[in-house]
Peer 1: 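Take this structure first; my questions come after.
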Number of protein chains: 2
Amino acid sequence: MPGENRDLSERKKLILKAIIDTHINMGEPVGSKYLTQYKQIAYSSATIRNEMAELEEMGYLEQPHTSAGRVPSQLGYRFYVDQLMQQYRLTSAEIGELNKLLKMKAAEVNRILDRATKLMSMLTNYTGVAVRRSPARQTVSRFDVMYVSPRSFILVMLTGSGAVKTRHIHLGFDVNRDVLEKLAVTLNDCVSGMEMEQITLPVILEMQQRLEGHESLINPIIKAVYETVNEPDEGELIFDGVNNLLNYPEFSDIDRVRDMLELFDNKEDLLDLLSGAEGDRTNVYIGSENEVEVMRSSSLIFRTVKSGGRTVGVIGVIGPRRMDYSKVVTMVDYLSGSIGHMMEADLIEGKKDDS
Amino acid sequence: MPGENRDLSERKKLILKAIIDTHINMGEPVGSKYLTQYKQIAYSSATIRNEMAELEEMGYLEQPHTSAGRVPSQLGYRFYVDQLMQQYRLTSAEIGELNKLLKMKAAEVNRILDRATKLMSMLTNYTGVAVRRSPARQTVSRFDVMYVSPRSFILVMLTGSGAVKTRHIHLGFDVNRDVLEKLAVTLNDCVSGMEMEQITLPVILEMQQRLEGHESLINPIIKAVYETVNEPDEGELIFDGVNNLLNYPEFSDIDRVRDMLELFDNKEDLLDLLSGAEGDRTNVYIGSENEVEVMRSSSLIFRTVKSGGRTVGVIGVIGPRRMDYSKVVTMVDYLSGSIGHMMEADLIEGKKDDS
DNA sequence: TTTAGCACTCTCGGGTGTCAAGTGCTAATC
DNA sequence: GATTAGCACTTGACACCCGAGAGTGCTAAA
């Protein structure tokens with residue numbers, strides 16, 4: 001039964017860590033002889049070979065073929081991420097880039113995530129991904145109505161997380177501007193800030209009463225609100241730097257490239273995957289740990305971005321299974337926190353600048 | 001001097017067309033012997049060989065190596081597209097799919113282009129692309145203002161092409177709802193429907209007069225309008241089916257894949273390229289005809305989508321240079337026209353449905 | 001002008017031999 | 001008992017060769 005780590009001796013951990021670190025850097029199977037050059041490992045290659053054989057038996061290492069060195073298995077990476085790897089320290093150049101992003105003026109949700117994605121891809125040399133997302137439980141905090149023509153208007157909704165959504169509404173009858181004005185006031189009075197469950201029949205009846213003579217307006221509106229709030233496939237996928245991955249030897253095999261591209265072609269699946277992020281921690285999916293078969297040779301590190309208690313998006317990095325987990329985790333941590341705080345500040349009070 | 005086509009005999013045209021048609025289908029260099037099987041070409045392989053040698057001399061054909069058949073050159077494809085290829089007839093299945101798209105309910109710009117892109121990728125087995133775009137000369141046809149906090153509000157603009165844009169505006173001072181209300185009315189009265197050049201000093205002065213006591217509101221607003229109208233990098237790139245291309249043998253070379261991915265990674269460049277579409281005709285870029293070096297092994301067929309005289313986007317298809325030009329051109333033509341008309345109908349008067 | 005024939009060129013796939021890396025195992029050593 | 005040196009073995013990578021097949025250009029004949 002592979003995977004029991006209680007009896008991993010310190011020496012085994014040392015060797016395992018050295019193998020994984022080396023392999024992450026070099027990208028090639030690492031052999032026993034190579035490890036003897038580390039001064040922390042003061043054993044002969046033969047001893048190391050024995051330990052490696054046992055580590056392989058336990059499931060932490062794999063051998064591509066008899067006469068190659070060892071490569072970490074999925075389980076090995078998992079153990080490494082959970083217990084072995086050490087904290088990465090961002091370089092000052094990296095911190096500089098990140099802070100430049102955070103000081104950006106147009107502090108709107110859209111721009112930030114775009115830019116963060118690009119930045120992650122550049123700083124890590126992997127692929128940056130993000131989801132701009134209406135969280136599962138969205139509310140509308142403010143409504144507005146914009147007249148277009150006698151039979152159509154646009155419903156503008158400011159969501160709890162600060163995004164603006166719009167809907168064209170077409171009617172089978174005419175309405176005038178006064179009615180629309182009243183509609184907006186009514187909506188703001190009756191349903192702003194509510195979750196969908198709170199919009200019950202009494203609330204709807206009250207609205208219809210206030211709009212007497214135009215009750216039939218309410219139904220399409222409620223439907224539009226409902227769709228906006230609950231739309232599960234709502235959420236826009238952003239990614240940048242897919243090309244970076246082609247520079248890693250694991251993607252010199254065309255089939256791997258195919259897998260990877262499939263990942264980015266099935267935007268809905270990737271969206272689902274990212275949306276499944278557990279909150280308040282950085283998620284690390286190694287290879288096929290998650291159910292997505294097509295990811296077997298890549299890993300995904302991601303984290304939700306929260307602002308004012310609400311999930312406003314997800315950011316992450318996709319790379320080969322042999323990824324610099326330490327660095328990427330640190331960076332995703334840092335960015336998700338900072339972006340969240342920033343948007344929070346922006347939402348709560350208008351900043352002091354004039355545009 | 002290659003390229004003069006005045007002296008292309010009918011027989012040469014026949015042979016050239018046969019070669020290109022065959023190569024588009026088969027994907028491999030085509031030899032003289034193979035062509036003798038066509039009954040329209042009643043010559044021996046030797047004769048065909050002579051003609052092929054001349055066509056190569058003229059620059060329409062290329063030889064990968066001595067003992068291979070001929071392959072169309074970029075110039076050859078160009079001649080084919082301009083003069084040789086025959087009209088493709090959409091199959092009934094294809095027409096069915098396309099009409100299904102066109103009958104879709106949520107007739108909003110966003111959804112249509114997303115779906116059209118996916119559809120093109122599916123029906124052609126190449127990559128569908130689209131740009132959702134505020135045309136270079138955009139106008140704002142209607143304004144609205146949504147109160148957020150004493151020092152910030154959201155400016156909602158309905159553009160001439162039917163898209164909705166929003167801007168958060170932060171202020172250094174407080175304003176109340178009444179002022180914002182007046183602001184919206186003023187904007188609608190004074191600048192709706194105008195091009196930027198028409199918003200001259202007198203217009204601005206009039207607005208400031210109408211908003212007396214709050215003149216300083218005008219500047220940030222004008223700036224926001226200006227940015228919205230003129231924003232050149234505005235325009236969202238959509239694509240679907242990148243993976244399809246990997247199935248073509250020309251992309252079994254990893255370097256070609258790299259080129260292709262680079263194309264999709266540099267979203268701005270691709271956006272520029274697509275935005276350069278000449279109006280009212282379907283543009284065909286073969287290989288490196290356009291300046292983008294990275295496209296040397298692919299082709300791009302695209303066309304603007306116009307609605308009510310305004311450009312609202314671009315749709316197109318990217319495929320290998322050996323593409324089924326005839327089919328793709330037909331499809332892009334059909335789609336761009338239909339989508340345009342549809343959005344037009346939607347804009348001018350709200351349809352008779354109720355949501 | 002067309003065609004048959006032929007020598008030539010080039011790619012592709014299979015087969016072979018060599019090299020280097022890395023292993024597992026055994027016996028000697030600390 | 002743990003460690004290590006030594007050695008035989010396995011395997012992939014690489015270079016090389018060779019024959020088959022496809023397609024060509026050219027020449028001479030029809």
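These figures come from a predicted structure and were not determined experimentally. The chains referred to below are lettered A, B, ... by the order of the sequence lines, with proteins before strands, and numbering in each begins at 1.
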Peer 1: For Arg11(A), is there an ion pair with Glu51(A) - N to carboxylate O distance below 4.0 angstrom?
Peer 2: yes

Peer 1: Output yes when Arg256(B) and Glu250(B) qualify as a salt bridge under the 4.0 Å nitrogen-oxygen rule, no when they do not.
Peer 2: no

Peer 1: In whole Å, I'd like the distance from the CD atom of Gln63(A) to the C1' atom of dT23(C).
Peer 2: 7 Å

Peer 1: Want to settle it: does Ala53(A) or His65(B) sit nearer the 5' end of DNA chain C, counting the closest nucleotide to each?
Peer 2: His65(B)

Peer 1: Counting N and O atoms only, with roles assigned by atom type, does the side chain of Asp324(A) sit under 3.5 Å from a partner on the main chain of Thr124(A), one being a donor and the other an acceptor?
Peer 2: no

Peer 1: For DNA chain C, whose closest nucleotide is more 5', that of Pro64(B) or that of Ser45(B)?
Peer 2: Ser45(B)

Peer 1: Distance under 4.0 Å to a non-hydrogen atom of chain A counts as contact; along DNA chain D, which nucleotides mark the start and end?
Peer 2: dT3(D) to dG12(D)

Peer 1: Identify, residue by residue, the members of residues 22-43 of chain A with a heavy atom below 4.0 Å from DNA chain C, and return them in order of residue number, or none.
Peer 2: Gly31(A), Ser32(A)

Peer 1: Regarding Glu268(A) and Lys118(B), does a basic nitrogen lie under 4.0 Å from an acidic carboxylate oxygen?
Peer 2: yes

Peer 1: Separation of Arg11(B) atom CZ from dT3(C) atom C1', in whole Å?
Peer 2: 12 Å

Peer 1: Rounded to whole Å, please give me the gap between CD in Glu54(A) and P in dT23(C).
Peer 2: 15 Å

Peer 1: Does Ser44(B) put a side-chain nitrogen or oxygen below 4.0 Å from OP1 or OP2 of dT3(C)?
Peer 2: yes

Peer 1: So does Ala277(B) get a backbone contact from the side chain of Asn283(B), meaning a donor-acceptor N/O pair under 3.5 Å?
Peer 2: no

Peer 1: Strictly below 4.0 Å, N to O, side chains only: are Arg70(B) and Glu56(B) in salt-bridge contact?
Peer 2: yes

Peer 1: What I want to find out is whether Arg303(A) reaches Glu278(A) closely enough, with some N-O distance under 4.0 Å, to be called a salt bridge.
Peer 2: no

Peer 1: Would you say the side chain of Thr66(B) and the base of dC10(C) hold a donor-acceptor pair, judged only by whether the two atoms sit under 3.5 Å apart?
Peer 2: no

Peer 1: Would you say dT2(C) has OP1 or OP2 under 4.0 Å from some side-chain N or O of Arg49(B)?
Peer 2: no

Peer 1: Indicate, with yes or no, if the rings of Phe302(B) and Tyr285(B) have centres closer together than 6.0 Å.
Peer 2: yes

Peer 1: If you only use heavy atoms from C-beta on, which nucleotide in dG22(C), dT9(C), dT3(C) is closest to the side chain of Thr47(B)?
Peer 2: dT3(C)

Peer 1: Is the distance from the ring center of Tyr80(B) to that of Tyr60(B) below 6.0 Å?
Peer 2: no

